[in-house]
Amino acid sequence: MTDFTTTKSRFHLPQGVTYLDGNSLGPLPIAATTRMAEVMQEEWGEMLITGWNTAGWMAQPGQLGDRIGRLIGAEAGHVMLGDTLSIKVYQALAAALALRPDRKVILSDTGNFPTDLYMAEGLIDTLGQDHELRCVAPEEVEDAITEEVAVLMITEVDYRTGRRHDMARLTQKAHETGGLVIWDLAHSAGAVPVDVTGGKADFAVGCTYKFLNGGPGAPAFIYVAPRHAEATAPALSGWLGHAAPFAFEQTYRAAPGVARMRVGTPPVLAMASLAAALDVWDGVEMTQVYARAQELSERFIKGIEAACPMLTLASPRDPHARGSQVSFRFEHGYEAMQACIAHGVIGDFRAPDIMRFGITPLYLDEGDIDHAIEVVCKVVTGHLWNDDRYRQRAAVT
Ligand SMILES: Cc1ncc(COP(=O)(O)O)c(C=O)c1O
């Protein structure tokens with residue numbers, strides 16, 4: 001049984017702050033500070049370049065990949081860490097398209113995160129093979145899966161509304177029509193129970209700085225189904241995805257399996273804080289995290305709707321159709337979120353009018369939810385948002 005009091009005690013949560021933005025950047029796991037200092041002083045400081053072998057830095061992308069693999073239902077040895085999620089989307093898409101050379105359509109939805117669509121556009125230009133990026137409304141995806149589709153590239157949980165696609169059903173339909181599927185798990189890993197093996201995903205990608213709490217800019221991950229592992233072309237054929245990087249051969253030969261998805265030098269310091277963050281997940285069951293997140297989400301929705309009717313629920317009302325976030329629409333959402341932050345409740349804003357709240361049971365409990373409801377409703381019903389200070393748009397919203 002997951003002990004959420006213990007998991008909460010393992011995070012640094014600033015005094016006076018209620019943090020409902022772990023769906024964007026998870027908070028600092030306390031052990032990450034000491035782990036980072038150890039890696040800097042004892043490994044980088046003392047071992048210098050020998051750390052690659054002595055401290056095992058080179059093996060970490062695969063080892064940490066396996067620890068993430070447990071949380072997304074992946075087979076051991078099929079998840080690799082590295083780079084940013086945008087890069088991993090590009091690699092997965094290039095690999096998937098190469099496996100379906102006779103088809104030209106990449107199917108996605110308008111709820112997808114823009115970088116996924118941008119990366120697809122860039123890849124289409126680079127390939128110059130007349131691929132088409134077809135984007136439909138999220139509820140139309142299933143019907144849009146036809147025999148024209150080479151790859152269904154989809155984000156399981158919508159970053160704005162938290163709406164969750166049915167991974168197994170869409171994957172099955174794509175397979176029945178002869179296509180492949182790439183799942184972006186940015187808002188799923190550490191948020192909802194994912195089963196890439198049972199759901200028969202072909203590729204999956206995700207980031208580690210949101211629900212997994214790896215730290216700002218923590219590396220992304222990629223999963224390649226074992227049945228494709230030896231047949232994929234990584235597109236970005238960097239030296240560390242070579243079969244023998246230190247043979248320094250003139251031409252590229254792909255490493256076995258998912259290791260070929262490595263590109264260049266792994267971010268050792270970032271991996272140190274991620275490793276500490278993943279320690280918190282040891283013994284934590286995703287089904288329990290999700291059940292608890294839905295309990296807290298229901299409490300949050302009920303409380304906001306009762307005290308603050310000007311906010312309209314933007315997330316699905318059915319808990320099973322949601323990820324681990326709750327979003328509300330409010331015309332003055334940007335200002336209101338700035339005012340909430342000034343009053344110690346941190347969520348975020350997504351244009352044009354969405355106030356987004358991450359519900360993360362590892363460190364949030366009923367007391368936090370009730371306090372957040374009180375502050376959000378005070379800000380909205382008391383018009384505290386109506387202040388020039390809160391209208392200044394910052395670079396990051
Ligand atoms: C669904 C989704 N995909 C991709 C990205 C982009 O990730 P990165 O900035 O690591 O490339 C994000 C970022 O929030 C995201 O939410």
Side-chain angles (χ1 to χ4, degrees), residues 23-24 72 85-86 89 92-93 96 105-121 124 131-177 179-189 191-196 199-207 210-211 290 293-294 297 301 311-330 333 348-359:
N23 54 311
S24 214
I72 61 165
L85 177 47
S86 304
V89 167
L93 185 57
V105 175
I106 301 162
L107 179 65
S108 193
D109 71 22
T110 52
N112 207 345
F113 191 79
T115 205
D116 295 36
L117 307 177
Y118 302 160
M119 294 310 275
E121 286 174 343
I124 288 171
H131 285 100
E132 174 200 342
L133 175 60
R134 190 173 292 171
C135 250
V136 299
E139 55 282 5
E140 288 165 9
V141 169
E142 191 168 352
D143 287 343
I145 302 173
T146 64
E147 288 182 359
E148 277 181 297
V149 174
V151 181
L152 172 63
M153 179 189 72
I154 210 102
T155 294
E156 186 191 17
V157 176
D158 186 304
Y159 73 105
R160 273 182 295 223
T161 64
R163 178 213 25 78
R164 185 181 177 194
H165 276 303
D166 185 333
M167 180 185 284
R169 203 168 77 215
L170 294 183
T171 305
Q172 189 184 346
K173 171 122 193 239
H175 287 170
E176 280 166 6
T177 51
L180 297 174
V181 185
I182 299 168
W183 286 99
D184 182 335
L185 303 178
H187 300 268
S188 309
V192 301
V194 179
D195 182 6
V196 290
K200 298 195 168 48
D202 297 291
F203 296 86
V205 291
C207 59
K210 298 180 191 292
F211 293 92
Y290 185 59
Q294 294 315 323
S297 299
I301 293 171
L311 298 194
T312 318
L313 185 66
S315 299
R317 196 161 287 281
D318 171 8
H320 300 292
R322 279 198 307 264
S324 204
Q325 69 175 67
V326 174
S327 304
F328 286 95
R329 290 188 194 282
F330 180 50
D348 62 21
F349 171 79
R350 286 294 173 263
D353 59 357
I354 290 202
M355 297 176 74
R356 215 169 58 143
F357 301 93
I359 311 291

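None of the values given here were measured: they were computed from a predicted structure.
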Task: Flag side-chain contact, heavy atom, 4.5 Å: K200 against Q172 - done: no

- [ ] Check for a donor-acceptor pair, side chain of R163 on one end and backbone N or O of S315 on the other, with a separation under 3.5 Å.
- [x] no

- [ ] Would you mind reporting whether I359 and V326 have side-chain heavy atoms less than 4.5 Å apart?
- [x] yes

TODO: Please name the pair of heavy atoms, one in S327 and one in I354, separated by the smallest distance, quoted to 0.1 Å.
DONE: CB-CG2, 3.7 Å

- [ ] Specify the closest pair of heavy atoms between G162 and Q325, including all atoms of both residues, with the distance to one decimal.
- [x] N-NE2, 3.4 Å

Open item on the list: Could you measure the distance from the CD atom of E140 to the SG atom of C135? Nearest 0.5 Å is fine.
Closed with: 11.5 Å

Task: Closest non-hydrogen atom pair between I301 and R322, with its separation - done: CD1-NH1, 3.3 Å

Task: Validation row: V192, H187 side chains within 4.5 angstrom (heavy atoms) - done: no

- [ ] Carefully, step by step, assess L185 and V196 under the rule side chain to side chain contact (heavy atoms under 4.5 Å, CB included).
- [x] CA-CA 10 Å; L185 303 178; V196 290; 4.1 Å; yes

Open item on the list: Taking E142 first and then R169, would you say they form a salt bridge - that is, a charged N and a carboxylate O separated by under 4.0 Å?
Closed with: yes

TODO: Could you pull out the closest heavy-atom pair between T146 and D143, with the gap in Å?
DONE: CG2-O, 4.3 Å

TODO: Look at the side chain of S324 and the backbone N and O of A293, then say whether any donor-acceptor pair between them is shorter than 3.5 Å.
DONE: no

Open item on the list: Please identify which of these residues, L107, N112, V181, meets the side-chain contact (heavy atoms from CB on, under 4.5 Å) condition with M153.
Closed with: N112

Open item on the list: Which residue in the set L133, L152, V141 passes side-chain contact (heavy atoms from CB on, under 4.5 Å) when paired with S108?
Closed with: L133

Open item on the list: When you compare the side chain of I106 with that of L93, does any pair of heavy atoms fall below 4.5 Å?
Closed with: yes

Task: H165 and its side-chain hydrogen bond (donor to acceptor under 3.5 Å, both in side chains) partner, picked from T171, D109, T155 - done: D109

Open item on the list: Are P114 and M119 packed together at the side-chain level, in the sense that at least one heavy-atom pair is separated by less than 4.5 angstrom?
Closed with: no

- [ ] Measure from the side-chain N and O atoms of T177 to the backbone N and O of A174, and report whether any donor-acceptor pair falls under 3.5 Å.
- [x] yes

Open item on the list: Rounded at 0.5 Å granularity, tell me how far CD in E121 sits from OG1 in T115.
Closed with: 10.5 Å

Open item on the list: Using 30° and 60° as the class boundaries, would you call the ring planes of Y159 and F113 parallel, tilted or perpendicular?
Closed with: perpendicular

- [ ] Check the pair T110, V136 against side chain to side chain contact (heavy atoms under 4.5 Å, CB included), reporting the backbone distance first and the verdict last.
- [x] CA-CA 6 Å; T110 52; V136 299; over 6 Å; no

Task: From D195 atom CG to I72 atom CD1, the distance as rounded to the nearest 0.5 Å - done: 10.0 Å

Open item on the list: I'd like to know if E148 and R134 make a salt bridge, using a cut-off of under 4.0 Å between side-chain N and carboxylate O.
Closed with: yes

Task: Minimum heavy-atom distance F211-A189, with the two atoms named - done: CB-O, 3.3 Å

- [ ] Hey, could you give me the CZ/CE distance between F330 and M355, rounded to the nearest 0.5 Å?
- [x] 7.5 Å

Open item on the list: Does M167 form a side chain to side chain contact (heavy atoms under 4.5 Å, CB included) with S188? I'd like the steps, not just the answer.
Closed with: CA-CA 11 Å; M167 180 185 284; S188 309; over 6 Å; no

- [ ] Please say whether the positively charged group of R164, taken as NZ for Lys or CZ for Arg, lies over the ring of Y290, i.e. under 6.0 angstrom from the six-membered ring centre and within 45 degrees of the axis.
- [x] yes

Open item on the list: When you compare the side chain of L170 with that of I145, does any pair of heavy atoms fall below 4.5 Å?
Closed with: yes

- [ ] Considering non-hydrogen atoms only, spot the tightest contact between F203 and A96 and give its length.
- [x] CE1-CB, 3.8 Å

Open item on the list: I'd like to check W183 versus V194 (side-chain heavy atoms, cut-off strictly below 4.5 Å). Are they in contact?
Closed with: no

- [ ] Could you walk me through whether I182 and V151 pass the side chain to side chain contact (heavy atoms under 4.5 Å, CB included) test, one step at a time?
- [x] CA-CA 7 Å; I182 299 168; V151 181; 3.7 Å; yes

TODO: Answer whether the closest heavy-atom distance between the side chains of L311 and R329 falls below 4.5 Å.
DONE: no

